[in-house]
Amino acid sequence: MRKHPRPLIIGNWKQNPATLARAERLWLSIQKNLKGRRAFSDVAIAPPLPFITELQQLSGTQKVELFSQDVSYHQEGAHTGEVSVDMLRSIKVRGSIVGHSERRAAGETDEAVNKKISALVAAKSNVIVCVGESERDTYGDYFTFIEQQIQKALLGVSEADISRVVIAYEPIWAIGTDTPAGPLDIQEMKLFIQKVLAGLYPRASVEKLRILYGGSVNANNAEPLLKEGEADGFLIGGASLDAKQFAEIVKIADQYEKFS
Ligand code: PGA
């Protein structure tokens with residue numbers, strides 16, 4: 001039997017829903033739909049920042065961690081619009097997504113991604129770092145692209161700190177399209193990412209790292225993506241705004257041991 005880390009299912013609400021009242025309803029509905037699960041996988045939501053403390057107060061019986069969708073690498077000061085790692089920590093946010101392709105498209109560089117990861121791990125916060133190619137070429141150049149994205153993102157991140165990092169493979173061509181990458185493509189990319197990581201860290205640490213898949217995951221395709229794709233969980237956009245579907249995916253991941 002292969003050894004797998006515990007799966008992580010994280011919903012990225014992006015700039016949704018439009019109001020606090022709707023965010024609270026969605027949160028409570030996720031809580032309700034998660035009831036009765038065989039809690040095996042870790043579950044998290046990255047809501048828009050203004051809703052985070054309200055959702056924490058609503059809490060609920062199900063353990064759902066809260067993450068930020070982005071973070072500043074500055075500690076404090078004259079950086080209008082930015083939110084620091086310490087601010088997030090002070091309201092008990094577990095960590096942040098970093099390098100989402102939508103942030104990269106808005107100008108975030110590999111260097112900024114690296115600085116954000118360094119700031120998060122230095123404060124003992126958790127990181128979900130997104131990597132992904134915009135298209136696949138027939139020569140496999142996208143593998144080199146992913147390798148470089150990972151190497152640049154993790155520059156200077158120590159062996160002790162790498163345990164706080166989760167990699168989310170999110171091919172841009174699969175995000176929000178209804179067509180996820182195929183399970184075999186995901187399995188192959190996971191293997192490749194592990195090989196890249198093994199060039200940077202001892203194998204024993206790499207084996208414990210979670211490599212998620214993201215891009216058009218829904219309740220219908222989740223099982224093969226976990227089973228044959230061997231993803232260690234998912235970063236979910238659209239389907240995380242549908243409480244029933246999100247909970248369904250969590251419950252599929254809760255069966256993960258059976259897939260191995
Ligand atoms: P999607 O988004 O699930 O809507 O494709 C994934 C993401 O952008 O993280």
Side-chain angles (χ1 to χ4, degrees), residues 7-18 22-23 26-27 29-30 33 41-49 51-52 64-71 93-108 113 116-117 120 126-136 142 145-146 149-150 153 165-183 185-186 189-190 193 210-226 229 231-253:
L8 167 66
I9 306 299
I10 171 161
N12 173 13
W13 285 359
K14 307 191 180 181
Q15 199 180 334
N16 302 290
R22 283 167 60 182
L26 177 57
W27 175 262
S29 181
I30 287 174
N33 280 280
S41 36
D42 294 328
V43 187
I45 294 286
L49 275 181
F51 302 153
I52 283 193
V64 180
E65 306 281 7
L66 284 157
F67 272 70
S68 175
Q69 298 173 13
D70 190 22
V71 71
V93 170
R94 291 279 294 174
S96 182
I97 298 172
V98 173
H100 190 281
S101 58
E102 287 153 18
R103 301 260 20 109
R104 291 184 192 258
E108 186 171 63
V113 169
K116 290 177 183 189
I117 296 173
L120 283 158
N126 297 295
V127 180
I128 318 271
V129 55
C130 304
V131 295
E133 76 282 3
S134 55
E135 57 183 8
R136 289 197 161 197
Y142 58 93
F145 179 77
I146 299 294
Q149 269 192 331
I150 292 173
V165 177
V166 170
I167 311 267
Y169 170 58
E170 294 213 308
I172 299 170
W173 50 267
I175 295 177
T177 59
D178 278 340
T179 314
D185 290 334
I186 295 172
M189 186 55 83
K190 182 183 167 189
I193 291 173
R210 292 188 278 204
I211 301 172
L212 313 185
Y213 168 74
S216 299
V217 175
N218 59 39
N220 295 324
N221 59 33
E223 185 167 328
L225 298 183
L226 285 174
D232 300 315
F234 298 125
L235 179 53
I236 304 172
S240 71
L241 298 170
D242 176 338
K244 243 178 141 167
Q245 195 166 170
F246 182 72
E248 190 56 38
I249 299 168
V250 170
K251 287 176 186 167
I252 292 169

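Both counts, for ligands and for their atoms, begin at 1 and track the order of listing. These numbers come from the heavy atoms of this one structure, side chains and all, not from hydrogens, waters or symmetry mates. For the single chain, residues carry numbers from 1 onward in sequence order.
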What I want to check is whether the side chains of S216 and T179 have a donor and an acceptor closer together than 3.5 Å.
no
Using only heavy-atom distances, determine whether the side chains of E133 and W173 contain a donor-acceptor pair under 3.5 Å.
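Yes - a donor-acceptor pair under 3.5 Å links their side chains.
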So if I count the atoms of ligand 1 from 1 in the order they appear, which ones are less than 4.0 Å from some heavy atom of [X]?
X	value
G215	5 (O)
E170	6 (C), 7 (C), 8 (O), 9 (O)
S216	1 (P), 3 (O), 5 (O)
G238	1 (P), 3 (O), 4 (O)

Can you list the residues that meet the salt bridge (charged side-chain N to carboxylate O under 4.0 Å, His left out) rule with R22, with sequence neighbours excluded?
none
Any nitrogen or oxygen of A239 lying under 3.5 Å from a nitrogen or oxygen in ligand 1? Just yes or no.
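N/O-N/O distance under 3.5 Å: no.
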I'd like to check whether K14 has a polar contact with ligand 1, where a contact means an N/O of the residue lying under 3.5 Å from an N/O of the ligand.
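N/O-N/O distance under 3.5 Å: yes.
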Does some side-chain heavy atom of V113 sit less than 4.5 Å from a side-chain heavy atom of Q149?
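Q149 does not reach V113 side chain to side chain.
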side-chain contact (heavy atoms from CB on, under 4.5 Å) partners of R94, counting only residues at least two apart
E65, F67, N126
Show your reasoning for whether side chain to side chain contact (heavy atoms under 4.5 Å, CB included) applies to K116 and D70.
CA-CA 9 Å; K116 290 177 183 189; D70 190 22; 2.9 Å; yes
To check your reading of the model: name the closest protein heavy atom to atom 3 (O) of ligand 1, its residue, and the distance in Å.
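Answer for atom 3 (O) of ligand 1: G237 N, 2.9 Å.
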